[in-house]
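The basis for the numbers below is simple: all heavy atoms, side chains too, and nothing from hydrogens, waters or symmetry mates. Everything numeric here is computed off the predicted structure, so don't read it as measured data.
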Amino acid sequence: MHLDDEYLTGLLATNLDGSFGQLVTTYQHRLYAFVLRQTGNTHDADDIIQDTLIRVYFALKSYSATRVQTLKLQSWLYKITLNVLYSHMHSSRLQLISYDLSDEGSLLSIEDSSLGPEQEVWWREYRRELEDLIATLPDRYRVAVNLRYFEELSYQEIAELLNQPAGTVKSNVHRGVELLRKMHGEAHMNQVG
């Protein structure tokens, strides 16, 4: 069960050391899956999330209790994660590549338990194929599509997170989805032909 952000920021404001583990438990897997979809590399994703959580802890430690309580926690965490990701990309020339999530299936599990075994296998394969295609999108589209459809953030939340107008975010999501449709169609045509 995930604690809601308002409750969690209240805990963090009053007892950071005692409640930081709850923040990690609540967000670590989501942030890791997000970074993994961006990098395609489990080692890089591990490093980025470790650095992110360290930065989060020290940032919270330096904030006043009032500031911690007023944080939009989810957006703030993704902002720090993106900054760490971009820092790693810049410093190590991290390559954003296609990847296989077969060992990471639990991070991106299907949430609809009503699916039968055959449907679940199909859905996992389809999602893996989609994630491979997303990894090949240009960065501005990949980030926007990832945040919108995998992290389920609103256009406004993404706009605030990326410091972009909401119209730009909508455009990037739309163009990213159109590119995915085109690549998906080409991939299937290549399999047939």
Side-chain angles (χ1 to χ4, degrees), residues 23-56 74-112 120-155 157-159 161-164 168-191:
L23 176 124
V24 171
T25 301
T26 302
Y27 280 101
Q28 180 178 10
H29 294 297
R30 289 176 61 189
L31 295 173
Y32 180 84
F34 169 74
V35 171
L36 186 60
R37 285 190 301 274
Q38 294 298 115
T39 64
N41 182 302
T42 57
H43 178 72
D44 290 333
D46 287 337
D47 289 347
I48 290 166
I49 293 305
Q50 183 177 11
D51 287 353
T52 296
L53 292 173
I54 290 168
R55 288 184 189 190
V56 164
Q74 179 175 316
S75 296
W76 183 74
L77 290 170
Y78 280 104
K79 182 74 163 181
I80 292 173
T81 304
L82 276 172
N83 288 338
V84 172
L85 171 68
Y86 291 146
S87 175
H88 275 259
M89 286 171 48
H90 180 59
S91 66
S92 67
R93 298 291 181 227
L94 185 69
Q95 294 296 313
L96 300 175
I97 57 172
S98 180
Y99 55 98
D100 177 51
L101 286 175
S102 56
D103 293 333
E104 305 299 331
S106 64
L107 292 175
L108 300 169
S109 61
I110 297 171
E111 297 192 23
D112 184 359
E120 188 171 330
V121 168
W122 178 88
W123 176 250
R124 285 185 191 280
E125 187 58 37
Y126 178 77
R127 185 167 177 144
R128 185 177 3 261
E129 180 182 323
L130 184 59
E131 288 166 342
D132 286 344
L133 290 175
I134 289 171
T136 66
L137 288 173
D139 187 52
R140 68 180 177 268
Y141 303 143
R142 182 179 53 251
V143 170
V145 169
N146 193 351
L147 290 170
R148 179 71 178 141
Y149 292 106
F150 286 91
E151 304 308 320
E152 299 178 1
L153 297 181
S154 70
Y155 289 117
E157 290 170 321
I158 298 168
L161 183 64
L162 300 177
N163 293 321
Q164 296 176 345
T168 300
V169 170
K170 287 179 184 179
S171 176
N172 287 341
V173 168
H174 176 75
R175 288 179 180 154
V177 169
E178 290 301 313
L179 279 172
L180 286 172
R181 284 184 180 136
K182 182 180 177 186
M183 290 186 299
H184 186 262
E186 289 173 0
H188 284 280
M189 291 301 291
N190 290 336
Q191 289 174 353

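The two residues Thr42 and Leu36 come nearest to each other via the heavy atoms N-CD1, 3.7 Å. The heavy-atom pair separating Arg142 from Leu137 by the smallest distance is NH1-O, 2.6 Å. A pairwise comparison of heavy atoms in Leu77 and Thr81 identifies O-OG1, 2.7 Å as the closest pair.
A search for side chain to side chain contact (heavy atoms under 4.5 Å, CB included) contacts involving Ala144 returns Asn172, Val173, not counting sequence neighbours. The side-chain hydrogen bond (donor to acceptor under 3.5 Å, both in side chains) test applied to Gln164 returns no partner, not counting sequence neighbours. In this view, Arg175 and Ser171 satisfy the side-chain hydrogen bond (donor to acceptor under 3.5 Å, both in side chains) rule, not counting sequence neighbours. Residues meeting the salt bridge (charged side-chain N to carboxylate O under 4.0 Å, His left out) test with Arg140, sequence neighbours left out: none. Residues forming a side chain to side chain contact (heavy atoms under 4.5 Å, CB included) with Glu157 (at least two apart in sequence, or on another chain): Ser75, Leu153, Ser154. Considering only residues two or more places apart in sequence or on other chains, Lys79 meets the side chain to side chain contact (heavy atoms under 4.5 Å, CB included) condition with Asn83, Leu161, Asn163.
Rounded to the nearest 0.5 angstrom, Arg148 CZ and His174 NE2 are separated by 14.0 Å. Rounding to the nearest 0.5 Å places CG of Leu82 at 9.5 Å from CG of Leu31. In this structure, the separation between CD1 on Ile80 and CG on Leu85 is 13.5 Å, given to the nearest 0.5 Å. The CD atom of Glu152 sits 11.0 Å away from the CD1 atom of Ile158 when rounded to the nearest 0.5 Å. Here Leu133 contributes atom CG and Leu180 contributes atom CG; the two are 6.0 Å apart, rounded to the nearest 0.5 Å.
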I would like to know whether Tyr86 and Asp139 meet side-chain contact (heavy atoms from CB on, under 4.5 Å); could you show each step before the answer? CA-CA 11 Å; Tyr86 291 146; Asp139 187 52; 3.6 Å; yes
Could you walk me through whether Val84 and Arg55 pass the side-chain contact (heavy atoms from CB on, under 4.5 Å) check? CA-CA 9 Å; Val84 172; Arg55 288 184 189 190; 3.5 Å; yes
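In this structure the side chain of Asp46 reaches within 4.5 angstrom of the side chain of Tyr32, judged on heavy atoms. Between Pro138 and Leu179 the shortest side-chain heavy-atom distance falls below 4.5 Å. For the pair His88 and Asp47, the minimum side-chain heavy-atom distance is below 4.5 Å. At least one side-chain heavy atom of Thr52 sits under 4.5 Å from a side-chain heavy atom of Val56. Phe34 places none of its side-chain heavy atoms less than 4.5 Å from the side chain of Arg30. Within the 4.5 Å cutoff, the side chain of Ile134 has no heavy atoms near those of the Arg37 side chain.
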